[in-house]
Asks: 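Got a structure for you, questions after.
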Amino acid sequence: MRLELPKYSERFGAVLFHDVQKVYELDGGFQADEAFSNPFHVIRHIEGEKLYDIEKDLAIIIPTRNERLRLLEGVLAGIPHHCLPIILSNSYTDPIDRFRLECQTVDNFCRYAKKKYLIMHQRSSELARLAQEGGYASLLDDKGLVRNGKAEGMIAGIILARLMGKKYVGFVDADNYFPGSVFEYVRIFSAGLSQSDSPYSMVRIQWHSKPKIDGDGLFFAKWGRVSRISNAFLNRFISQYTGFETDVIKTGNAGEHALSMDLALQMDYSAGFSIETHHFVNLMESYGGVHVTPEALPAMQQGVYLYQIESRNPHLHDAKEDGHVEGMIHQSLSVLFHSSLCTEVLKTEILTEMRRMGILKKNEYPQKPHYYPSLQQLDFEQAEKAWDPQKHGNAAL
Ligand code: GDP
Ligand code: CO
């Protein structure tokens, strides 16, 4: 892959936020290119070998809930062979057992492709046992099962990836119409992660565009309402400390993102739609240098790198009802509002904006999100004893 170098970066304590990088060539060649021995170039060439080295240690977590099987199969087709797909499903099992259909589809596909995979149901007792035995009960509800929600599925996916010995995790939604764009996302993950010389790194995808039908043609929208607002406030969040206005953050709601396992295990998470925005807030809280904790020291010394990379493919996913836009804005802004780093000035700005949009009434305040502590609290050795991966796919065979 050939990537543009980030034009500038914004530092917040030990965290380096890099500006968006463009993809120049989806396939930049397998071996090193002589032309790149000159230091004065603006493109980074990441050889196929390097991508492969990361991808063989990369698990792609696919959270899914009642998506069309055809789309799920397409997503699998887009994942490079040597990555491990982990399908974390919260589909209904009654009256029709959709999860069983998913297992059959995935198993058939992977049998033909001779591909390794892992699949688990979010509400299964087997998955709950991993969290229970590992001493991470915060993920469980009052029935003793893993809580509902995409964020909770993502966290469970990280646990499974760690149990499978993976060094990186990436997230791809199951409702993507273009296997080619899934392929590009995974390549962007490995290319992005390969740039870091710290074990703590994250890559987030900025979609090239999201096509919409407009009259009798197509309109390629770049920014949604939610990301416009959360990016603006995340950038304000940085400027309140640096004193300089910035627009470095452009992926505040990126569902498609990847992390090194070291970072994924260190971070804490918030529930619901706020999880993506919370990544940024958590990086600033933990490694920004404002409050220093002993657990954060190794990462603070080695640095935490965040890369944002713009895909070439448009993003086309299954259109769901749009009613939750306001809920998403509410959740994204609440993690900022409730952060220990949020200044009174910014709190007032957030309240004013939310009341102006009619998301909050006068005298109402954003709800505090539910948080999950870092997965370092989970005892993976104990969890390992609590499951048999062979029952959930062929990855351990
Ligand atoms: P949007 O793309 O942000 O509008 O959100 P989607 O509704 O498409 O959800 C993103 C992905 O998460 C899709 O693959 C969903 O099937 C999946 N998803 C949604 N809710 C849940 C859940 O409770 N658990 C799991 N495991 N996946 C979910
Ligand atoms: Co979607």
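Atoms within each ligand, like the ligands themselves, are counted from 1 in listed order.
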Asks: With the Co ion (ligand 2) as the centre, enumerate protein N/O/S atoms below 2.8 Å in chain and residue order.
Replies: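 Sorted hits: D175 OD2, H317 ND1.
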Asks: With no hydrogens and no angle check, just 3.5 Å: does a side-chain donor-acceptor pair link Q195 and Y305?
Replies: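 Note: Q195 and Y305 side chains miss the donor-acceptor criterion.
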Asks: Between S89 and ligand 1, does any nitrogen or oxygen pair lie at a separation below 3.5 Å?
Replies: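 By distance alone, the answer is no.
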Asks: What about M328: any of its N or O atoms under 3.5 Å from an N or O on ligand 1?
Replies: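 No; every N/O pair is 3.5 Å or more apart.
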Asks: Give me the other members of the hydrophobic cluster that I213 sits in, counting Ile, Leu, Val, Met, Phe, Trp and Tyr linked by side-chain heavy atoms under 4.5 Å, directly or via other members.
Replies: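 Result for I213 is L218, F220.
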Asks: Once salt bridge (Lys or Arg N to Asp or Glu O under 4.0 Å) is applied, do any residues pair with R225, and if so which ones, sequence neighbours excluded?
Replies: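 For R225 the salt bridge (Lys or Arg N to Asp or Glu O under 4.0 Å) partners, ignoring immediate neighbours, are E326.
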Asks: Hey, does the Lys NZ or Arg CZ of R355 hover above the aromatic six-ring of Y365, less than 6.0 Å from the centre and inside 45° of the axis?
Replies: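 Yes.
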Asks: Would you call E25 and R2 a salt bridge, taking side-chain N to carboxylate O under 4.0 Å as the test?
Replies: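 Looking at R2 together with E25, the answer is yes, because their closest N to O distance falls below 4.0 Å.
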Asks: For the 3.5 Å polar cut-off, considering only N or O atoms, please tell me whether F273 and ligand 1 meet it.
Replies: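 Min N/O separation from ligand 1 is not below 3.5 Å for F273.
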Asks: Show me which atoms of ligand 1 lie under 4.0 Å from any heavy atom of E67.
Replies: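 The list of qualifying atoms is 13 (C), 14 (O), 15 (C), 16 (O).
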Asks: Going by distance only, is there an N or O of H317 that falls short of 3.5 Å from an N or O of ligand 1?
Replies: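 Yes, since at least one N or O of H317 sits under 3.5 Å from an N or O of ligand 1.
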Asks: Do S9 and H18 pair up side chain to side chain, a donor and an acceptor below 3.5 Å, judged on atom types alone?
Replies: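 Note: S9 and H18 side chains meet the donor-acceptor criterion.
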Asks: Considering only NZ, NE, NH1 and NH2 on the basic side and carboxylate oxygens on the acidic side, decide whether K150 and D173 come within less than 4.0 Å.
Replies: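 Between D173 and K150 there is a salt bridge, with a charged N closer than 4.0 Å to a carboxylate O.
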Asks: Please check whether G153 reaches ligand 1 - meaning an N/O of the residue sits under 3.5 Å from an N/O of the ligand, judged on distance alone.
Replies: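 No - when backbone and side-chain N and O of G153 are compared with those of ligand 1, no distance drops under 3.5 Å.
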Asks: Does anything in residues 81-94 pair up under side chain to side chain donor-acceptor pair (under 3.5 Å), and if so which pairs, sequence neighbours excluded?
Replies: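 For residues 81-94, and leaving out neighbouring residues, the side chain to side chain donor-acceptor pair (under 3.5 Å) pairs sorted by first residue read E55-H82, S89-S91, S89-E102, N90-N148, S91-E102.
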Asks: Does this structure show an ion pair linking R236 with E349, if we count only N-O contacts that are shorter than 4.0 Å?
Replies: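 Looking at E349 together with R236, the answer is yes, because their closest N to O distance falls below 4.0 Å.
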Asks: Could you tell me whether Q122 approaches ligand 1 through its side chain, its backbone, both or neither, with non-hydrogen atoms closer than 4.0 Å?
Replies: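 Under 4.0 Å from ligand 1, Q122 contributes side-chain atoms alone.
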